[in-house]
Each structure stands twice: as structure tokens, then as C-alpha cells.
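Worksheet: one structure, shown below.
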Protein chains: 2
Amino acid sequence: MFQLSKKVEYGLIALRHIAAGSRGQIFTAKEIADKYQIPFELLAKVMQKLCKKGFVVSYQGVHGGYILVRDAHEVKVSAIINAIEEKPSVSIIQCESEKPESCIIHTTCTIKDPLVKLQSSINKVFEELSIMEMV
Amino acid sequence: MFQLSKKVEYGLIALRHIAAGSRGQIFTAKEIADKYQIPFELLAKVMQKLCKKGFVVSYQGVHGGYILVRDAHEVKVSAIINAIEEKPSVSIIQCESEKPESCIIHTTCTIKDPLVKLQSSINKVFEELSIMEMV
DNA sequence: ATAAATCGGACTGTAGCGGTCGGGTTTCTA
DNA sequence: TAGAAACCCGACCGCTACAGTCCGATTTAT
């Protein structure tokens with residue numbers, strides 16, 4: 001439990017790799033997949049998401065690939081997780097991540113408030129780390 | 001992703017409930033399950049684990065149940081998670097949680113070190129919250 | 001024309017999780 | 001002494017999410 005998904009891991013590896021290159025340098029999903037022994041098609045999916053969310057810009061065609069858009073300092077791990085993960089919320093309790101009425105015990109829930117605070121502490125941790133600090 | 005499991009949630013609720021009672025007061029799994037509308041049999045499993053790990057002491061027989069052993073201040077959320085969760089590790093990356101050789105990319109892994117640091121920050125958050133602060 | 005690359009939907013297999021069931025043991029009490 | 005109430009514990013099931021794969025379409029450089 002409490003593991004980053006493979007998709008997020010691959011996304012972090014790829015973004016870090018791109019950020020470590022020279023400014024504006026283009027990278028293909030294939031070369032990254034080969035270098036880190038990541039399943040190519042899975043990484044491709046991840047890159048597409050990162051593209052849609054504006055982390056990278058994609059170029060199709062023979063010499064296509066991806067280049068980093070934002071300044072690496074600005075790319076926080078939290079944003080990457082939110083971009084890749086289906087469910088945008090990273091709430092540690094279901095009560096918060098889904099509609100509250102789906103929580104059967106919401107009326108009597110005694111642990112919610114403390115855990116929400118704990119949640120924000122965790123969020124901060126993810127918001128403080130940028131891929132620049134991984135290069 | 002990144003949610004506490006139901007088992008952990010139930011364990012927190014139960015321990016908080018017991019901690020909120022008077023010192024040495026005994027509680028049955030059934031009454032806690034009823035009060036918070038938790039599946040009884042699942043909670044029972046959780047309580048058994050908490051018993052084995054020394055958070056509570058169990059008494060069998062008609063007027064049996066569980067009483068809290070440790071001082072509520074000393075019962076940290078991190079310890080509860082570790083007690084209930086099968087895999088003791090709460091590592092956000094697989095490289096660390098399992099045997100490192102199972103990580104195919106461990107030789108070339110570039111994100112491991114930063115994430116390990118991030119991990120320890122998260123661990124701290126869980127270690128700082130005790131059930132006493134939930135009562 | 002072909003090859004190399006992104007795009008994107010559909011599919012599969014597996015593992016874990018939430019939950020349930022059944023049978024056993026202990027202990028109080030009527 | 002019988003029965004009820006509680007803990008104990010292993011086995012089982014159904015579902016979902018995730019990792020990974022496959023296929024076809026589009027774009028573009030050579």
C-alpha cells in the first residue's frame with residue numbers, strides 16, 4: 001500500500017530524463033523506454049497524458065518526440081501525480097476523495113478531521129519536490 | 001491511489017473509540033462495529049491483529065472484549081498501519097519495499113534517491129500523529 | 001513509398017482488497 | 001451443565017484497479 005503507481009514512476013523517470021538534457025532537446029518515448037527498460041507502450045501512454053496536461057509538447061513524424069515545456073523547477077511531483085493518475089484526488093480517506101454521501105459512516109466518523117490534516121501535510125511533501133531536484 | 005485501506009481505517013476508528021473511553025474500559029468488536037456501521041467480521045480480524053501486535057489485550061468469554069494496553073499518546077498512526085497492513089513497508093516505490101534485486105531498473109534508476117527522501121518525510125507525518133490527538 | 005514516431009481505444013491477466021462464512025475455543029451465567 | 005456471548009482463525013469469493021499488450025490510425029521526414 002501507499003505506493004506510487006508504475007505509471008507515475010515511469011512519468012517521473014521520463015520527465016527527469018528530459019529535464020536532464022539540454023534545453024529544448026527532443027526525446028522519443030522509445031529511447032527512454034529502452035534506456036530504463038520500461039515497457040514502451042505503457043510509457044507512451046504516460047507521455048500522452050503528460051502532453052495533454054501541458055508538461056511536454058509532442059512532435060509527430062519521423063524525428064518526433066517530446067520536449068519539456070515548463071521550467072523544471074516548476075514541475076512538482078504532486079502535479080505529475082495528479083496529471084497521470086485517473087482519480088485526481090490523492091486523499092488518504094475515501095470520505096474525501098469521493099462524494100461524501102458515499103461514506104456510510106460519515107455522520108459518525110471520528111477520524112476524518114485528523115486525517116484530513118494529515119493529508120495536507122503529505123500533500124505539502126509532494127508539492128515541495130520538483131524534478132529539478134532529481135536531476 | 002494513496003488511500004488508507006479499509007482495515008486501517010477501521011483500526012483507527014476502533015482504537016480511537018477505545019482510547020476515548022475510561023481507562024481500562026473493555027469494548028467488544030460487536031459494539032464498535034454497530035456504532036460505526038463497520039462490517040463486524042472485518043473489524044474482528046483487525047482487532048485480532050492489533051491484539052497480536054500488542055496494542056490491545058483481548059479477553060475471551062461472555063464478557064470479553066478488548067482493552068487498550070499502551071498509553072494513547074504512544075500509539076502512533078504509523079505503528080497502527082504497520083501492524084494492520086500485510087506488507088510492513090509503506091515505501092512509495094517498489095524498489096525499496098521489496099527485495100531490491102526484483103527491481104529491474106535498479107542499476108539505472110534515477111528517481112530512487114529523491115523518492116526515498118520524500119518517503120521519510122511522509123513517514124514522519126504518520127509518526128507524529130497519535131490516536132490521543134484524535135479523541 | 002516507407003519508416004519512425006505519436007495518438008488512442010480495446011483488451012487481458014493478475015493481484016489485492018473488502019467482505020463473508022464456517023468452525024473452533026474460551027468463559028460467564030442461569 | 002447447557003447455552004450464549006465473545007474471541008480466534010483459516011478459507012473462500014467477487015470485484016476492481018492496475019500493469020501490460022495489441023491493433024490500427026495519423027503525422028512527417030527521407
Side-chain angles (χ1 to χ4, degrees), chain A residues 1-11 13-14 18 26-34 36-53 55-67 81 84-87 89-90 92-94 97-98 102-105, chain B residues 1-11 13-14 18 26-34 36-53 55-67 81 84-87 89-90 92-94 97-98 102-105:
Chain A
M1 74 162 302
F2 255 68
Q3 277 186 357
L4 295 178
S5 69
K6 282 290 175 191
K7 286 183 191 174
V8 171
E9 269 189 41
Y10 298 157
I13 290 173
I18 297 176
I26 195 165
F27 293 91
T28 68
K30 177 140 191 14
E31 66 183 309
I32 297 175
D34 283 349
Y36 299 100
Q37 305 199 48
I38 296 172
F40 162 69
E41 325 223 331
L42 194 46
L43 178 61
K45 288 266 170 61
V46 170
M47 294 312 294
Q48 285 164 31
K49 277 198 174 165
L50 290 175
C51 181
K52 275 192 176 171
K53 299 300 176 81
F55 289 88
V56 293
V57 160
S58 69
Y59 292 95
Q60 288 198 353
V62 171
H63 288 141
Y66 301 93
I67 66 173
I81 293 176
I84 296 175
E85 216 63 34
E86 313 291 340
K87 314 192 177 178
S89 94
V90 275
I92 57 173
I93 45 175
Q94 286 186 3
S97 65
E98 296 160 18
S102 73
C103 179
I104 321 166
I105 58 176
Chain B
M1 74 164 301
F2 255 66
Q3 277 187 358
L4 294 179
S5 68
K6 282 291 175 190
K7 285 183 193 173
V8 171
E9 270 190 40
Y10 297 159
I13 290 173
I18 297 176
I26 195 164
F27 292 91
T28 69
K30 176 138 191 18
E31 67 184 308
I32 296 175
D34 283 349
Y36 299 100
Q37 305 199 50
I38 296 171
F40 163 69
E41 325 222 332
L42 194 47
L43 178 61
K45 287 264 174 59
V46 171
M47 294 312 294
Q48 284 162 31
K49 276 197 177 166
L50 291 175
C51 180
K52 273 190 181 175
K53 299 301 176 82
F55 291 88
V56 294
V57 159
S58 69
Y59 292 95
Q60 290 199 353
V62 172
H63 289 140
Y66 300 93
I67 67 174
I81 293 175
I84 296 176
E85 216 63 32
E86 311 290 340
K87 313 190 177 180
S89 93
V90 275
I92 58 174
I93 45 176
Q94 286 186 3
S97 65
E98 296 161 18
S102 73
C103 179
I104 321 165
I105 59 177

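Here is how names work: the chains are called A, B, and so on, in the same order as the sequence lines, proteins then strands, and each is numbered from 1.
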message = I'd like to know whether CZ of Phe27(B) has more than 12 heavy-atom contacts from other residues, nucleotides or ligands below 6.0 angstrom.
response =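 It does: Phe27(B) CZ has more than 12 such atoms within range.
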
Is there a side-chain contact between [X] and the phosphate of [N], meaning an N or O under 4.0 Å from OP1 or OP2?
X: Tyr59(B); N: dC8(D); answer: no
X: Tyr10(B); N: dG19(C); answer: yes
X: Ser58(B); N: dA6(D); answer: no
X: Ser5(B); N: dG16(C); answer: no

Can you check whether [X] reaches [Y] side chain to side chain, under 4.5 Å on heavy atoms?
X: Ile13(B); Y: Leu43(B); result: no
X: Tyr10(B); Y: Ile84(B); result: no
X: Lys49(B); Y: Lys52(B); result: no
X: Glu85(A); Y: Ser5(A); result: yes

task = On DNA chain C, check which nucleotide each of Phe40(A) and Lys45(A) is closest to and give me the residue with the more 5' one.
result =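 With Phe40(A) and Lys45(A) compared, the 5'-side residue is Phe40(A).
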
Whole Å only: how far is the [atom1] atom of [X] from the [atom2] atom of [N]?
X: Lys30(A); N: dC7(C); atom1: NZ; atom2: P; result: 17 Å
X: Lys49(B); N: dC7(D); atom1: NZ; atom2: C1'; result: 16 Å
X: Leu43(B); N: dT20(C); atom1: CG; atom2: C1'; result: 15 Å
X: Tyr36(B); N: dG19(C); atom1: OH; atom2: P; result: 17 Å
X: Gln37(A); N: dG20(D); atom1: CD; atom2: C1'; result: 16 Å
X: Gln3(B); N: dT16(D); atom1: CD; atom2: C1'; result: 13 Å
X: Gln48(B); N: dG24(C); atom1: CD; atom2: P; result: 17 Å
X: Ile26(A); N: dA5(C); atom1: CD1; atom2: P; result: 10 Å

inquiry  = Any base atoms under 4.0 Å from Lys52(B), or only sugar-phosphate, or nothing? Heavy atoms, all strands.
reply    =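 Sugar-phosphate contact only - Lys52(B) comes under 4.0 Å of backbone atoms but never of a base.
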
query = Which angle, to the nearest 10 degrees, lies between the helix axes at the two ends of the helix from dA1(C)-dT30(D) to dA30(C)-dT1(D), each defined by five pairs?
reply =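 Both end axes considered, the difference amounts to 10°.
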
inquiry  = According to salt bridge (charged side-chain N to carboxylate O under 4.0 Å, His left out), who are the partners of Lys30(A), at least two apart in sequence or on a separate chain?
reply    =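 So Lys30(A) forms a salt bridge (charged side-chain N to carboxylate O under 4.0 Å, His left out) with Asp34(A).
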
Shortest side-chain distance from [X], nucleotide among [options]:
X: Gln60(B); options: dA19(D), dC7(D), dG19(C); result: dC7(D)
X: Lys6(A); options: dC7(C), dT21(D), dA19(D); result: dA19(D)
X: Leu42(A); options: dA5(C), dG20(D), dC9(D); result: dG20(D)
X: Val62(A); options: dT21(D), dA4(C), dC7(C); result: dA4(C)
X: His63(A); options: dC22(D), dC7(D), dT30(D); result: dT30(D)
X: Glu85(A); options: dA29(D), dC18(D), dC22(D); result: dC18(D)

task = Take Ala29(B) and Gly61(A), find for each the nucleotide of DNA chain D with the closest heavy atom, and name the residue whose nucleotide sits nearer the 5' end.
result =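 Going by which nucleotide is closer to the 5' end, it is Ala29(B).
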
message = Quick check for you: to the nearest 0.5 Å, what is the distance between Tyr59(B) atom OH and Ile26(B) atom CD1?
response =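 Tyr59(B) atom OH to Ile26(B) atom CD1 measures 7.0 Å (nearest 0.5 Å).
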
query = To the nearest 0.5 Å, how far apart are NZ in Lys45(A) and CD in Gln48(A)?
reply =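 Going from the NZ atom of Lys45(A) to the CD atom of Gln48(A) covers 7.0 Å.
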
